Number of protein chains: 2
Amino acid sequence: MTQAIPNAPRNTRQRAEVLALLREVEGFLTAQQLHQMLVAREARVGLTTVYRTLQLLVDAGEVDSTRLPGGEQLFRRCGQSRHHHHLVCRQCGRTVEIAGPAVERWADEMAARHGFTDVQHTLEIFGTCAACAR
Amino acid sequence: MTQAIPNAPRNTRQRAEVLALLREVEGFLTAQQLHQMLVAREARVGLTTVYRTLQLLVDAGEVDSTRLPGGEQLFRRCGQSRHHHHLVCRQCGRTVEIAGPAVERWADEMAARHGFTDVQHTLEIFGTCAACAR
DNA sequence: ATCTTGTTGGAAACGGTTTTCGTTGTAAAG
DNA sequence: CTTTACAACGAAAACCGTTTCCAACAAGAT
Ligand SMILES: [Zn+2]
Ligand SMILES: [Zn+2]
Ligand SMILES: [Zn+2]
Ligand SMILES: [Zn+2]
């Protein structure tokens, strides 16, 4: 039995295909890139369903989503569900999951100092990975 | 003499209007919100020109741009042109400019450790300000 | 005043994402 | 196994923020 999406009444072939692909890729990719990969492997999943499934997975906490400075939304199935950040290659999407306890403390301290509550933050590092630099 | 945009061959009434508005507003706003404000004060500036002027100002480092988690692009004329980050109130948009030298070093260190070059990062803290908490 | 050319702005195009709605097929009930 | 209900699919259309197009305009130079 392929892994199912939590709280999804029905397990369809399409969702299994998206999940299978997400397990194979290592970087952050756009919905369209993932869809093209599915087309390439003849998985027969519509673009609409890719978008819907990704949103479902994000809501379930199974997939992380971030955005390039340009605004394009990226998706990735990370190895951990705990709070963490990402070092992402702009060209190929290769990603390193990073933790920064000191940064977490600094952000909360800054917010508290200015009287802000109900605090959250976004932090992503973008660059060109060694492989793409060549 | 109204303030001019660096590297802009011509100083037009429209650019002066956008700059004047940016000097008056406090928080991060979208291009469309700024355009509507200009319409409201009968400044007669086209939406296209608002977008173009904002991009000019961003390129010149006169205006900061960021995005809400939802993806909408926001603009703000900050008090400093040096690299910095923001503590933003989710309800009213009130913004505190914050600097974190330790975070800057940490981000660069992380990227270098994993062989990434041409590095940049995004970091924003969102919360509810003291005034809105009441 | 005239000229050059950067700038403007309405319309159209654009690109990513969401919605629509008739069809398909999963899964449970009989 | 067959029926039934409705979740899910997907192609097309709508949507929405942003960019491009291009003819008219106007800032600054001479
Ligand atoms: Zn790369
Ligand atoms: Zn964090
Ligand atoms: Zn507030
Ligand atoms: Zn920084």
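Everything numeric here is computed off the predicted structure, so don't read it as measured data. Residue numbers start from 1 in every chain, and the chains themselves are labelled A, B, ... in the order their sequence lines are given, proteins ahead of strands.
The distance between atom CD of A/Gln33 and atom P of C/dG15, rounded to the nearest whole Å, is 15 Å. Taking atom CD of B/Gln36 as the reference point, atom P of D/dG17 lies 10 Å away to the nearest angstrom. Put simply, CG on B/Leu56 is 13 Å from C1' on C/dT8, counting in whole angstrom units. Spacing between atom CD of B/Gln73 and atom C1' of C/dG15 amounts to 15 Å, rounded to whole angstrom units. Between the C1' atom of C/dG16 and the CG atom of A/Leu74 lies a distance of 12 Å, rounded to the nearest Å. Between the CG atom of A/Leu47 and the P atom of D/dA11 there is a distance of 9 Å, rounded to whole Å. Atom CG of A/Leu54 and atom P of C/dG16 are 15 Å apart (whole Å). What separates NE2 of A/His35 from P of C/dG16 is a distance of 13 Å, to the nearest Å.
For B/Thr48, the listed nucleotide lying nearest its side chain is C/dA11; candidates were C/dA11, D/dA7, C/dT17.
OP1 or OP2 of C/dT8 lies within a sub-4.0 Å distance of a side-chain N or O belonging to B/Arg15. Between A/Thr49 and the phosphate of D/dG10, there is a side-chain N or O to OP1/OP2 separation shorter than 4.0 Å. Between B/Thr12 and C/dT8 there is a side-chain N or O to OP1 or OP2 distance below 4.0 Å. B/Gln14 has no side-chain polar atom (N or O) that falls below the 4.0 Å cut-off from OP1 or OP2 of C/dT7.
Between A/Leu19 atom CG and A/Thr53 atom OG1 the span is 8.0 Å, to the nearest 0.5 Å. Between the CZ atom of B/Arg94 and the SG atom of B/Cys129 there is a distance of 5.5 Å, given to the nearest 0.5 Å. Between atom CZ of residue B/Phe28 and atom SG of residue B/Cys78 there is a gap of 5.0 Å, rounded to the nearest 0.5 Å. From B/Ile5, atom CD1 reaches atom CG of B/Leu56 across 5.0 Å, with rounding to the nearest 0.5 Å.
Across all strands, B/Arg44 comes closer than 4.0 Å only to sugar-phosphate atoms, never to a base (heavy-atom distances). Looking at heavy-atom distances under 4.0 Å, A/Glu72 makes no contact with the nucleic acid at all.
A salt bridge does not link A/Arg76 to A/Glu26: none of the charged nitrogens lies less than 4.0 Å from a carboxylate oxygen.
Between the side chain of B/Arg52 and the base of C/dG9, at least one donor-acceptor pair of N or O atoms lies under 3.5 Å. One donor-acceptor pair, N or O on each side, does fall under 3.5 Å between the base of C/dT5 and the side chain of B/Arg10.
Residues B/Tyr51 and B/Arg13 both approach DNA chain D. Their nearest nucleotides, taken by heavy-atom distance, put B/Tyr51 toward the 5′ side.
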